[in-house]
Amino acid sequence: MASRKREPGERLILAFDFGTRRIGVSVGNELLRSARELEPLPARDGIPDWQRVSALIEEWQPDRFVVGLPLNMDGSESEMSTRARKFGKRLFGRYGVECEMFDERGTTREAKAIAREQGHGGNYRKESVDGIAAVLILEGFFAREEGLPSRQGPAEPV
């Protein structure tokens with residue numbers, strides 16, 4: 001991947017909300033500390049169309065990836081945690097871009113609440129909230145990096 005090297009504090013970050021049917025995606029930069037939703041990636045049993053992922057990487061040329069880590073409410077690992085970690089390792093392995101896992105507890109519930117406020121019909125399979133969850137993951141990551149209080153735990157390298 002031929003990417004521009006940005007200075008710390010100005011880096012572009014792609015965040016992912018891993019799922020078995022869809023993977024939510026958001027993009028943001030450290031300078032603005034904000035994120036915006038991108039089109040979710042369809043997945044088959046957690047495996048995305050890697051050509052679509054490559055096109056996304058080529059378009060945005062990120063300096064870092066953040067992948068939501070779906071821990072149980074008590075902080076313990078789950079099967080989905082293992083699968084999300086595997087996805088993060090594959091991103092790093094394929095693209096050589098730094099990848100961090102970020103505790104995403106509560107983001108799906110919060111994403112659904114935000115969607116309801118925006119008039120969502122309630123059919124989350126038809127109208128996904130994965131992109132909203134990816135935005136929440138990235139905004140939580142930015143808050144943690146800035147030292148602001150966050151409900152999530154620390155980010156960790158893949």
Side-chain angles (χ1 to χ4, degrees), residues 1-73 75-108 110-111 128-158:
M1 180 180 88
S3 80
R4 307 164 279 208
K5 287 296 176 197
R6 296 175 190 93
E7 295 297 318
E10 298 176 357
R11 292 176 293 200
L12 188 83
I13 300 174
L14 280 180
F16 299 91
D17 177 41
F18 177 80
T20 56
R21 283 176 279 208
R22 274 185 308 270
I23 298 170
V25 185
S26 67
V27 63
N29 69 50
E30 293 172 319
L31 187 61
L32 298 177
R33 300 272 186 216
S34 66
R36 75 178 179 99
E37 179 179 352
L38 299 177
E39 187 72 28
L41 297 167
R44 210 167 180 182
D45 195 27
I47 300 168
D49 175 344
W50 287 105
Q51 288 183 325
R52 285 186 68 175
V53 176
S54 293
L56 189 67
I57 305 308
E58 185 63 33
E59 177 182 354
W60 291 99
Q61 299 183 11
D63 300 293
R64 177 185 279 179
F65 298 129
V66 174
V67 176
L69 183 62
L71 298 171
N72 293 318
M73 290 312 285
S76 63
E77 296 273 334
S78 66
E79 177 189 342
M80 284 300 283
S81 304
T82 302
R83 295 182 77 175
R85 285 185 191 280
K86 188 174 184 178
F87 174 71
K89 287 179 182 179
R90 285 185 173 154
L91 283 171
F92 176 74
R94 284 176 178 261
Y95 305 105
V97 173
E98 177 184 355
C99 184
E100 294 187 49
M101 304 303 295
F102 188 75
D103 181 351
E104 68 164 46
R105 281 179 279 185
T107 56
T108 299
E110 190 175 344
S128 96
V129 295
D130 302 299
I132 296 171
V135 166
L136 294 171
I137 289 165
L138 189 49
E139 288 177 347
F141 176 80
F142 286 146
R144 175 62 79 188
E145 291 286 292
E146 200 169 329
L148 298 174
S150 172
R151 70 184 184 293
Q152 285 91 0
E156 58 182 68
V158 169

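Keep in mind that this is a model prediction, so the values were computed, not measured. Keep in mind that the numbers below use all heavy atoms, side chains included, and drop hydrogens, waters and symmetry copies.
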I want to check something: taking the side chain as every heavy atom from C-beta on, are [X] and [Y] in contact at a cut-off of under 4.5 Å?
X   : Y   : value
R52 : P42 : yes
T20 : R83 : yes
W60 : V25 : no

Say you draw a straight line from [atom1] of [X] to [atom2] of [Y]; how long is it, rounded to the nearest 0.5 Å?
X   : Y    : atom1 : atom2 : result
N29 : R64  : CG    : CZ    : 12.5 Å
S26 : R36  : OG    : CZ    : 10.0 Å
Q51 : E58  : CD    : CD    : 13.5 Å
L69 : I137 : CG    : CD1   : 9.5 Å
Q61 : L14  : CD    : CG    : 11.0 Å
L91 : W50  : CG    : CH2   : 4.5 Å

Restricting to non-hydrogen atoms, name the atom on [X] and the atom on [Y] that form the minimum distance, rounded to 0.1 Å.
X    : Y    : value
V67  : G88  : CG2-CA, 4.1 Å
P48  : G46  : CD-O, 3.5 Å
D63  : R11  : OD2-CA, 3.4 Å
E77  : L71  : OE2-CD2, 3.7 Å
A84  : G68  : CB-O, 3.7 Å
R144 : F102 : CB-CE1, 4.0 Å

So which of L38, I23, L138 actually passes side-chain contact (heavy atoms from CB on, under 4.5 Å) with F16?
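When side-chain contact (heavy atoms from CB on, under 4.5 Å) is applied between F16 and each of L38, I23, L138, only I23 qualifies.
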Evaluate the ring planes of Y95 and F65, with Trp represented by its six-membered ring, and classify them as parallel (under 30°), tilted (30 to 60°) or perpendicular (over 60°).
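Ring orientation of Y95 relative to F65: perpendicular.
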